[in-house]
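A, B, ... follow the sequence lines: proteins, then strands. Residue 1 opens every chain. Excluded from the calculations below are hydrogen atoms, water molecules and symmetry mates; all remaining heavy atoms, backbone and side chain alike, are included.
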Amino acid sequence: MPESNPLYIYNSLSRKKEVFEALNPPFVGMYVCGPTVYSDVHLGNVRSFLTFDVVYRYLTYLGYNVRYVRNITDVGHLLDDRDEGDDKIEKRARLEKIEPMEIVQKYTNGFHNTVNQFNLIPPSIEPTATGHIIEQIEMVQRIIKNGYAYEVNGSVYFNVKKYDEEHNYGELSGRKLDELLNQTRDELEGGHEKRFFADFAIWKKAAKDTIMKWDSPWGIGVPGWHLECSVMSTKYLGQAFDIHGGGMDLKFPHHECEIAQSIGADGVSPVKYWMHGNMLTVNGTKMSKSLGNSFLPEELISGDHPLLEKGYTPMTVRFFFLQANYKSTVDFSNEALQAAEKGLNRLMTAIDTLMQLTTSEQSNVDVDAIIKASKESMNDDFNTPTTIAHLFDGVKLINSINDNKNTINDADLKILQNHYNTFVFDILGLTKENSSSSNDELSDELMGLIIDLRNQSKENKDWSTADLIRDELKKLNISIKDTKDSSTWDYEK
RNA sequence: GGUUCCGUGGCCGAGUGGCUAGGCAGUGCUCUGCAAAAGCAUCUACAUCAGUUCGAAUCUGAUCGGAACCUCCA
């Protein structure tokens, strides 16, 4: 539980940083909009999930008991909500000539593999839309009963106009209904089933050739596109819960509709703190599949993509993202990624140094200052860039102790070691990626032998042999680095 | 057009009234047979114009430029 300094969270609803106070401490309910599993997740998606991974990790660190729910959307994402709506997953299934659930399984697996690579902690519950059809039907019934929805030809629409008369449709995104009306006048032409242009489907009658469909009081159909999140958050976190996260692009209409549905069904505004992560951009434009500027995590790692000069490890990317505030866009560039790669390396090297530091009787360094600064940064709306900056201040300190320019005693060293373990590995979720992970005992022993031979050459001042060994190993992507009285080696991809 | 937001040094990116983060690159130095790596030190800034103020990157207004959302997207 937060003691001295409280945690502040930027709430999209109030557009202010607010002190975080859990509804039912020590429990915290957090819902994050997960992926629609109709194709591979790309790097932009990863950034969003990473943001909330850190939120989850930090809340846990603070002592909260977090139930983290992140859904899998496996049905119901209609391409539009007009009469001829089409389901993304079905469309993809037809293209690939396989079962919709095969698509769902394939890309769910892919999603899990990807987020594992980036060291994201799995959520406490990962519910699927198709697993909650009954609950969705029940929610539609509650909304109808409360007079906020109407049925037309086997479809049910949320009555936004009526809702807005009693509540405030658009409170999250700052939109006004009459302003929306002005901009979408064209859309009103033509005889749709909706009574009002802003109404949205919460149950949609199935087209004849639809494969995924369910029986309901209104006939055979599919749940509307915004409903699942309302249903599953209510089921697992209650009618009102602490944090709801998602990408900025979901703010409107998706999250706006969630609020309306929850109030329409249960009379309760569902979320205390709305959090929105910003977009990953490429050359200043949002990364998205339709623009063709996205790339897949595998392409990133291999470097096999026109936009990439080389491959980058998942941890480099994780660190790169954490060096920016989650509320800002991050622009992808090779230069920035390479800077992150080196910076991360510097941090990890310093941690190695930290673990083998020799102690003195006295400390003349202020470890508390670094620890305090790191915590305050995280408490300031999960400000990972400044947290990392403070960790780098510590790097300077660690190196100076290692150079005998400063001293540290046993107690302080333990504190500092613990701090870096906690912040770097537990909270920021970075891991040591041994670039020589392909090593086995045999290569270790062989390399040890080669290095011994080379050291003998060096002792004999046979520089040409020593250099030959180093140059030839270089061709095999093995780099030799000489330190004062030993040599290390690394396999570089 | 509407809503929301942004423009910081070569690059990335913090910072919301005075104390000028951090990383990468550059430069100098240390270490070293050489190299690499590592370490230390260090230089470049606040889109433009006007205003408020003792004082502004930070507040106000205008101008220019950019983005997201308003249609599925994290």
Side-chain angles (χ1 to χ4, degrees), chain A residues 12 15 32-36 38-39 41-52 77-82 85-88 91 170 173-176 178-184 187 198 225 245-254 256 276-281 284-291 294 319-320 323-325 327-347 349-350 353 373 377 380 383-393 395-396 399-400 402-403 405 458 461-463 466-467 470-471 474 479-484 488 490:
Chain A
S12 302
R15 297 190 187 89
V32 173
C33 289
T36 304
Y38 69 102
S39 65
V41 290
H42 66 245
L43 201 62
N45 306 109
V46 171
R47 152 123 121 132
S48 189
F49 299 126
L50 168 63
T51 295
F52 297 103
H77 247 288
L78 302 174
L79 292 179
D80 60 53
D81 68 342
R82 286 180 222 148
D86 201 357
D87 186 284
K88 279 183 160 179
K91 193 181 176 190
S173 54
R175 285 178 168 77
K176 300 266 182 291
D178 47 349
E179 285 169 358
L180 282 170
L181 185 59
N182 290 336
Q183 294 133 35
T184 20
E187 299 285 317
W225 28 313
M248 208 80 106
D249 49 357
L250 295 179
K251 207 183 211 177
F252 188 91
H254 184 61
E256 204 72 73
H276 289 96
N278 216 323
M279 301 292 109
L280 174 65
T281 62
T285 309
K286 176 181 175 180
M287 178 179 282
S288 76
K289 263 170 250 177
S290 52
L291 289 171
S294 67
F319 186 71
F320 168 65
Q323 275 190 300
N325 193 295
K327 295 195 296 298
S328 308
T329 56
V330 161
D331 198 55
F332 169 87
S333 73
N334 281 283
E335 233 180 333
L337 250 332
Q338 276 159 34
E341 186 174 55
K342 291 190 179 171
L344 176 62
N345 191 38
R346 181 163 134 88
L347 180 63
T349 304
T353 306
S377 292
D380 180 19
N383 193 335
T384 52
T386 45
T387 303
I388 290 171
H390 293 308
L391 292 171
F392 273 111
D393 287 338
V395 166
K396 209 164 273 186
N399 288 330
S400 73
N402 195 42
D403 288 351
K405 286 173 185 157
K458 283 169 70 183
K461 298 207 189 303
D462 179 6
W463 308 126
D467 289 350
R470 188 170 64 197
D471 292 345
K474 189 87 199 167
S479 61
I480 295 284
K481 290 160 193 166
D482 293 344
T483 55
K484 227 182 195 115
T488 62
D490 247 323

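- Every residue two or more places apart in sequence or in another chain was checked for a side chain to side chain contact (heavy atoms under 4.5 Å, CB included) with A:Lys342, and none qualifies.
- Rounding to whole angstrom units, CD1 of residue A:Ile480 and P of B:rA35 are separated by 17 Å.
- Distance A:His254 NE2 to B:rC73 P: 7 Å, rounded to the nearest Å.
- Under the side chain to side chain contact (heavy atoms under 4.5 Å, CB included) criterion, A:Thr349 pairs with A:Asn345, not counting sequence neighbours.
- The main-chain N or O of A:His42 is found under 3.5 Å from a side-chain atom of A:Asn45 such that the two form a donor-acceptor pair.
- Considering only side-chain N and O atoms, A:Lys286 lies nowhere under 4.0 angstrom from the phosphate OP1 or OP2 of B:rA74.
- Counting all heavy atoms, side chain and backbone alike, A:Lys286 lies closest to A:Asp249 at NZ-OD2, 3.2 Å.
- Between the side chain of A:Asn325 and the backbone N or O of A:Lys327, at least one donor-acceptor pair lies under 3.5 Å.
- In the set B:rG33, B:rA74, B:rA68, the nucleotide with an atom closest to the side chain of A:Thr285 is B:rA68.
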Which atom pairs link the protein and nucleotides 56-61 of chain B when you take only N or O atoms and keep those under 3.5 Å?
none

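- Distances from the side chain of A:Pro253 to the nucleotides B:rC70, B:rA74, B:rC40 place B:rC70 closest.
- A:Thr285 pairs with exactly one of A:Thr329, A:Asp331, A:Leu291 by the side chain to side chain contact (heavy atoms under 4.5 Å, CB included) rule, that one being A:Leu291.
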Give me, pair by pair, the N or O atoms of the protein and of nucleotides 3-6 of chain B that are less than 3.5 Å apart, along with how far apart they are.
{"residue": "B:rU3", "atom": "O2'", "partner": "A:Ser173", "partner atom": "O", "Å": "3.0"}
{"residue": "B:rU3", "atom": "O2'", "partner": "A:Gly174", "partner atom": "O", "Å": "3.4"}

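- A:Asn345 comes within 4.0 angstrom of sugar-phosphate atoms only, judged by non-hydrogen atoms across all strands, and of no base.
- Distance noted for atom P between B:rG18 and B:rC24: 28 Å (whole Å).
- A:Gly277 comes within 4.0 angstrom of nothing in the nucleic acid, heavy atoms only.
- Here the side chain of A:Trp463 is nearest to one of B:rA74, B:rG39, B:rG33, namely B:rG33.
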Original post:
What would the secondary structure line of RNA chain B be in dot-bracket form, counting Watson-Crick and G-U wobble pairs under 3.5 Å, with [ ] for pairs that cross earlier ones and | for pairs with another strand?
Top reply: (((((((..(((.....[...))).(((((.......)))))....(((((..]....))))))))))))....
Subject >> nucleotides 12-24 of chain B: protein proximity per nucleotide (B base, S sugar-phosphate only, - neither; heavy atom, under 4.0 Å) >> reply: SSSS-----BSBS
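- Side chain to side chain, A:Lys289 and A:Ser39 meet the donor-acceptor criterion of an N or O pair below 3.5 Å.
- Sequence order on RNA chain B of the closest nucleotides to A:Asp403 and A:Met279 puts A:Asp403 first from the 5' end.
- Rounding to whole angstrom units, CZ of residue A:Arg47 and P of B:rC73 are separated by 18 Å.
- A:Glu256 contributes a side-chain N or O that, together with a main-chain N or O of A:Ser173, makes up a donor-acceptor pair within less than 3.5 Å.
- One finds the CD1 atom of A:Ile480 at 9.0 Å from the CZ atom of A:Arg470 (value rounded to the nearest 0.5 Å).
- Side-chain proximity of A:Arg470 to B:rA36, B:rC34, B:rG39: nearest is B:rC34.
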